[in-house]
Amino acid sequence: MTERKTTYLTTAIDYANGPPHMGHALEKIGADAMARYRRLKGEDVRLVIGMDEHGLNVLQSATAAGISPQQWVDNLADRFRDTWKRLGISNDDFIRTTEPRHKRAVEALIERIAAAGDLYRGTYAGYYCVGCESYKGEDELVPVAEAGAGSAGSAGTATAGAAQAGQREVHHLRCPLHPTRTLLWMEESNWFFRLSRFQEPLLRLLDERPEFIQPEIRRNEIRRVIEGGLEDISVSRARLPWGVPWPGDPEHTVYVWIDALTNYLSAVGFPDPDYTRWWPAELHVIGKDITRFHCIYWPAMLMSAGLELPRGVWAHGFLTFEGRRFSKSAGVWVELDDAIARHGPDAFRYYLLREVPWNGDGDFSWTRFDERYTADLADDLGNLVNRTLSMIERYRAGVVPAGARTSLDERAAVVLDAYRAAMDANLLHQGAAAAMELASAANAFVVERAPWQQVKDPALASELDTTLGSLARALATLATLLEPFMPGKMAELASRLGLERVPRLVELPTMDLAGRNIARGEVLFPKERK
RNA sequence: GGCAGGGUAGCUCAGCCGGUUAGAGCACGGCACUCAUAAUGCCGGGGUCGCGGGUUCGAGUCCCGCCCCUGCUACCA
């Protein structure tokens, strides 16, 4: 017997410093479409979404709100979970970094890296802005007009063996965000990870497995970074209470990145042996801004720990609003709830996935959204459904007739090939476009066959059967192909065709709907009259 | 500065290794049809393919220079 292919897909866990927004939604919707497509192919898919709940920002936000950090992240987790549910995201798990199962995995991973000899005690030194409560790179700072004696040394370098921690005031630079505060040069004893050791192995990885980072643009960027040389990174923080305590050194907490990345393992049960049922992950779906962490730090950590690497990382692009960067303070902003409410969650999903290239950046605009909704969903697809079901109801008493295959079935086969090619390459926007071609072809087919003429002539009864049968199959095919994009509406469409669920991809070529009782129902994508 | 990607109809974009009159969708105009959400189908108008050189029988499609846009340029998702 053949075992079903298991596929583990992850998304970036979202930082618990604010409610879900459009950017979060784009990633989850895209990842969900990828997961749903693979399920339609018959794979056993596990899609995981989650929250990154440690760190200084969380602690500060909670304190400002007058609640405990745990209460704070609990509230946000509920909001995110609710949003994903409303958007029809089919995640199988929701991992949170404050969960015991996660802490356990982080400890186990660190112990493995330590056993490999890739952790050591060192000193992290850098400019520290008290106003920002964070370290600053030199390029983030501005010189003070009367440049005094400079303090030598670049920010953020590790000095192995240096033991003493300290701080002193810096007077020749200042933080542009807090110009009145005195900048500090701080040294902190931390744990370091020997990232430098993995420069060559990582370059080999990119050579041997070019598909590891997709799309290709991101791979080139990462290669440049690696070729530029890798320095060891500090992976623990002192004085940060809201985090996973460092194993064996509770004065420190695990640095946010190490903590967060490990979620991909903890969500499948690591270090319990059966985590390998899902690991290695098929794809980490992330934003293009965090490729470095997923394509350099993460594989290096896994190599060190002797664990398998994920098969790939997919970096999607970003969204602009009417051509400009999202910025709440500048008023360039769309509330996610408003976007969902406009035409419903399925239409919102369709718009984002059809309009925004999944391998690049895209734009959200209300005008385009409305145009897509009207042209694609209401007029093209929705009307096709309505007119087809109406004719089956009127001409054949609501029962799909048996009919020979037609040019429309041939067209559906061609569309299916193009669709699979696009979806297998993770080009979701092309997959959606391919599917919609079938809707257009079906509309043209209706006019060509003119069933309202066929029904008038009893001699053409079998011709009419052929027309309606073929149209019903086209609708079922559309329900399948568009299910990853609009799961709610397509399940509804399948139901109206008398199907208990959307057909799988392999079932499409031999599918026969003859004898099924259809239900016309309400218009699938109503147009609001204004 | 360096590296990478991009500048093609009003808008969003396709255009493999160079080859007849540069394509699609949307928007716009005309015609047809009536099953349907005043929906659908067909036809059409519309482009100096960023700018300037070069290679070639022939270049959005290759080479050189320039202009403009975007991303990356390592520990803060």
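These numbers were taken from a predicted model, which means no experiment stands behind them. All heavy atoms count here, side chains included; hydrogens, waters and symmetry mates do not. Throughout, a chain's letter reflects where its sequence line sits, starting with A, and its residues are numbered from 1.
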Could you give the distance separating [M] and [N] at their [atom1] atoms, to the nearest angstrom?
N	M	atom1	value
B/C17	B/G60	P	15 Å
B/U21	B/U61	P	16 Å
B/G7	B/U48	C1'	15 Å
B/G47	B/A24	P	15 Å
B/C62	B/G25	C1'	30 Å

NA contact type, [X], heavy-atom cut-off 4.0 Å: base, sugar-phosphate, or nothing?
X	value
A/Gly287	nothing
A/Ala444	sugar-phosphate
A/Ser234	base
A/Phe193	nothing

Quick check on [N]: is either OP1 or OP2 less than 4.0 Å from any side-chain nitrogen or oxygen of [X]?
X	N	answer
A/Arg394	B/A36	yes
A/Arg520	B/U37	yes
A/Arg224	B/G5	no

Query raised in the report: What about A/Asp379, does its side chain sit under 3.5 Å from the base of B/A39 through a donor-acceptor pair?
Result: no
Query raised in the report: Among B/C33, B/C11, B/A74, which is the nearest nucleotide to the side chain of A/Arg368?
Result: B/C11
Query - Option from A/Phe369, A/Phe348, A/Phe525 for which ring pair (Phe, Tyr, Trp, His ring centres under 6.0 Å) with A/His343 holds - result: A/Phe369
Query raised in the report: Which value, rounded to the nearest 0.5 Å, describes the distance between A/Lys489 atom NZ and A/Tyr350 atom OH?
Result: 14.5 Å
Query raised in the report: Atom CD of A/Gln430 and atom C1' of B/C16: how far apart are they, to the nearest Å?
Result: 14 Å
Query raised in the report: Is it true that A/Asp289 and A/Arg218 make a salt bridge, defined as a side-chain N closer than 4.0 Å to a carboxylate O?
Result: no
